[in-house]
Amino acid sequence: MKRIYIYFFIALFVFCSCNNISEDERLIDIPSAIIKRNVLVEEFTGQRCINCPNAANTLHDIQKNYSSNNVIVVSIHGGNLAVANSSKTVGFRTKLADLYYNNYNKPLLPSAIINKQGGVLPQAQWASEIYNKLQEETNTNIILNCTIKNSTLSIATTIKYNDETKQNAKLQLWLVEDSVVAPQQFPNNIIKKDYLHNNILREAINGTSGQDIVLEHNKDNIYNNKIDINTAYNKNNLHVVAFVYNNNGVLQVSKLKINK
Amino acid sequence: MKNIFCLTLCFLFYLNYIFAQENNNDNKKVDVLGSIQTDILIPQKDKYLGIDTIEHHFLTNTYIDVNATSKYFDAGIRAEYMVNPLPGFDSDFSGWGIPHFYLKGKLKNIDLTLGHFYEQFGSGFILRTYEERSLGIDNALLGARLKVLPFNGVNITLLTGKQRRYWKINKSTISGANIELNLEQWFKNLQKHNTYLTFGASFVNKYESDETILVDQKYKLNLPKNVSAIDVRLQLQHKSINILAEYAYKSQDPTQGNNYIYRNGYVAMLSASYSKKRMSVLLQAKRSVNMDFRSKRSEVGLASTINNLPAFTTTHTYALAALYPYATHPEGEWAYQAMASYSFKKHSALGGRYGTKIKFNASHVVGIKTNYLGSKGSNGYGSAFWQWGNSTFYQDLNLTIEKPLSKRTLLYFIYMKQIYNETIVKGEGSTLHNHIFIVDLKHKISKHNTIRIETQYLHSKEENGKWAFALSEMSFAPHFAFSLSDLYNIGNPHSHYYQAFAIYAVGAHRLQVGYGKTRAGYNCASGVCRYIPATKGFTLSYNFNF
């Protein structure tokens with residue numbers, strides 16, 4: 001009778017090793033994504049976050065797979081691992097970034113929210129979430145037009161809405177900058193002083209949560225906004241990210257270089 | 001929801017009243033025990049601490065436990081309230097409700113628990129569910145557990161359930177079995193020679209449904225739905241010697257934490273101790289590789305842990321010794337610990353008039369050597385068993401001398417040399433080399449009054465690395481105690497972290513009120529650490545055990 005316990009445990013040990021998957025069975029084919037819309041990725045990052053460069057590479061690879069116009073990334077440098085700008089260090093932490101970071105309950109870095117749906121996600125889930133979101137239908141399309149006079153940027157946002165049901169939403173415009181050289185921390189105590197940062201959230205052009213809009217069918221809804229460009233920014237590397245959203249998430253997103 | 005909460009509280013007090021009625025018949029006697037614990041912070045702004053805004057003016061973690069025990073049944077319930085919790089807890093920690101309840105039936109050699117329960121197999125390498133309020137950890141299982149003692153010297157546990165994650169239950173199912181054989185019960189010669197031999201074996205399986213984790217545009221991972229772990233251990237106790245050897249193995253477990261590699265995990269530990277009158281020695285070593293085991297693949301942080309790997313480091317209580325605590329590195333580490341203590345007799349040359357006790361501890365933790373094999377979907381890395389990695393994660397050499405100076409005066413002197421790799425533990429920073437000196441003097445002024453004074457100094461070559469700490473504490477037994485302390489970062493004028501407390505205790509009640517500032521840092525227990533941001537403000541803690 002006592003032996004039965006021993007046999008039982010030996011069986012459990014054998015079961016343990018049967019769970020392993022051989023190397024040639026670990027990947028499953030998936031069909032290519034049928035892109036029906038653009039996707040917004042709000043990435044929470046920081047110059048002192050050692051795993052964030054790897055996460056940035058992940059997003060870069062995803063953008064290469066689909067297109068940076070289909071997968072639009074905005075990097076929000078908020079929280080204690082972000083670095084504020086000073087006379088000694090180029091930093092990207094701002095009150096605006098901290099506000100968004102706090103709004104999502106100070107997530108662990110790196111993390112991102114895709115189309116303002118499904119909560120803040122760790123890095124491993126971004127690819128599958130973006131894959132799914134790209135294939136979702138939308139009734140909304142955004143066309144951007146930018147002009148610069150002196151240092152004032154004027155943005156005309158045209159929203160085309162293809163649904164009979166009128167609905168309220170918000171339009172958010174962000175000013176985002178690419179190709180800024182600044183320090184970045186890496187694993188093993190390495191700091192790269194000449195790291196190239198992209199997708200940096202600089203300004204909220206029309207308020208921290210955007211402006212209220214009404215989406216109406218068969219009516220081109222045009223919204224005009226202006227912003228004075230901070231002289232510290234490089235105009236050649238700036239672009240505007242515009243997205244329409246409501247309580248169900250982002251309906252559509254678009255981006256445009258300001259001097260295009 | 002508030003009505004349900006109030007009704008539940010009323011029910012708890014009613015339960016207490018009903019069960020408090022004793023019967024002359026012992027078989028029907030029910031004991032009711034419980035506790036109330038509340039910690040409150042009323043925060044203030046402080047520009048030097050970086051506290052620019054106050055989101056909520058009243059923060060609290062509050063727990064109410066009631067447990068009833070009788071000959072055949074136990075039952076318990078816990079209510080928690082942390083809608084605006086104390087700073088530093090995970091965002092999902094916020095909430096309130098009844099997250100813990102259980103009913104246990106006991107008959108002869110069997111007991112069956114339904115509801116929430118905590119359990120540990122062996123040293124916890126493959127299963128340890130527990131509650132640690134200071135860390136915000138409560139990973140209890142909700143399900144069923146059966147404990148059986150079928151024969152003398154045989155203990156069996158079977159369990160299944162789903163794990164608590166803050167205010168939700170994870171979807172995966174955890175099942176396990178454990179057997180402990182006390183071999184001296186079968187081989188009587190062992191007992192005759194004061195030898196006790198225990199063999200233990202455990203098995204845990206996690207079943208988690210599939211999810212989509214893309215490798216790239218074309219492929220997703222074939223994730224194992226079952227992840228299993230086994231643990232075997234042998235413990236020998238002979239007179240003053242105790243030896244424990246334990247090994248645990250985990251099957252493929254691709255998770256967010258290990259970047260979805262398919263490498264197996266294991267931990268091997270050997271521990272030996274010797275304890276005799278006035279002397280004790282402990283030596284232990286542990287190697288762990290890829291043994292982070294969670295009930296949710298995508299989880300990071302403190303939640304959803306199924307197991308626990310203890311850190312082979314001393315848990316310090318003195319402020320500067322605890323300034324840089326170590327957390328077990330789940331990816332892998334080699335950890336060693338040696339501890340020895342000796343009490344010199346009274347009136348001996350080294351013991352002096354009142355005796356002296358000396359304790360020495362050495363802890364050393366290094367990384368494992370790895371060779372890269374691939375990323376997501378691969379085996380990740382290889383690692384030879386006996387080889388160390390290049391990084392020292394943590395080292396702690398400390399000497400404690402406990403010396404009564406008189407019948408009323410007790411002196412502690414501690415010296416500690418510490419190496420602390422900030423990047424490994426906190427994710428950023430350099431390697432610190434600290435020397436810490438602590439003097440703790442306690443003097444009994446009268447029958448009821450005691451004074452204690454602590455001074456501490458931390459010397460470090462790193463910038464802003466020097467610290468000083470002083471504390472004075474007066475207690476007027478049995479009811480009152482007062483303390484005043486200051487932690488100061490030498491050379492940094494705005495870094496005085498002062499605190500003042502007043503404590504009142506009567507019967508089972510304890511009330512503590514305080515005011516002060518605390519620096520940002522880490523609170524650790526059992527190798528697990530939680531980041532706590534800097535705070536300033538009034539605090540209140542109340543504990544009542546009934």
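Just so it is clear, the values below take in all heavy atoms, side chains as well, and ignore hydrogens, waters and symmetry mates.
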Which of Leu223(B), Thr255(B), Asn379(B) touches chain A most, by non-hydrogen pairs under 4.5 Å: Asn379(B)
In the structure I gave you, are the side-chain heavy atoms of Lys220(B) and Leu27(A) within less than 4.5 Å of one another anywhere? no
Gln256(B) vs Gln125(A) side-chain heavy atoms within contact, under 4.5 Å: no
Please give me the minimum heavy-atom distance between Asp29(A) and Tyr219(B), naming the atom from each residue. OD1-CE2, 2.8 Å
Value for CZ (Arg26(A)) from OH (Tyr260(B)), rounded to nearest 0.5 Å, stands at 15.5 Å
Step through the shown structure and confirm whether more than 12 heavy atoms of other residues, nucleotides or ligands are within 6.0 Å of CG on Asn57(A). yes
Heavy-atom closest pair (Tyr249(B) atom, Asn20(A) atom, distance to 0.1 Å) is OH-ND2, 3.6 Å
Thr212(B) side, atom OG1; Asn132(A) side, atom CG - distance, nearest 0.5 Å: 6.5 Å
Return the NZ to CG distance between Lys106(A) and Asp90(B), rounded to the nearest 0.5 Å. 12.0 Å
Minimal heavy-atom distance between Pro122(A) and Ser298(B), with the atoms involved, is CG-O, 3.7 Å
Atom group of Glu211(B) that falls short of 4.5 Å from chain A, counting heavy atoms: side chain
If I take atom OG1 from residue Thr58(A) and atom CG from residue Leu214(B), how far apart are they, to the nearest 0.5 angstrom? 12.0 Å
Has the side chain of Gln252(B) got a donor or acceptor atom that lies under 3.5 Å from a matching backbone atom of Ile21(A)? yes
For the residue pair Ile28(A) and Leu221(B), establish whether any side-chain heavy-atom pair is separated by less than 4.5 Å. no
So, the part of Ser94(B) with a heavy atom under 4.5 Å from chain A: the answer is neither
What part of Glu129(A) gets within 4.5 angstrom of chain B, counting heavy atoms only: side chain, backbone, both, or neither? neither
Does Lys170(A), at its NZ atom, have more than 12 non-hydrogen atoms belonging to other residues, nucleotides or ligands within less than 6.0 Å? yes
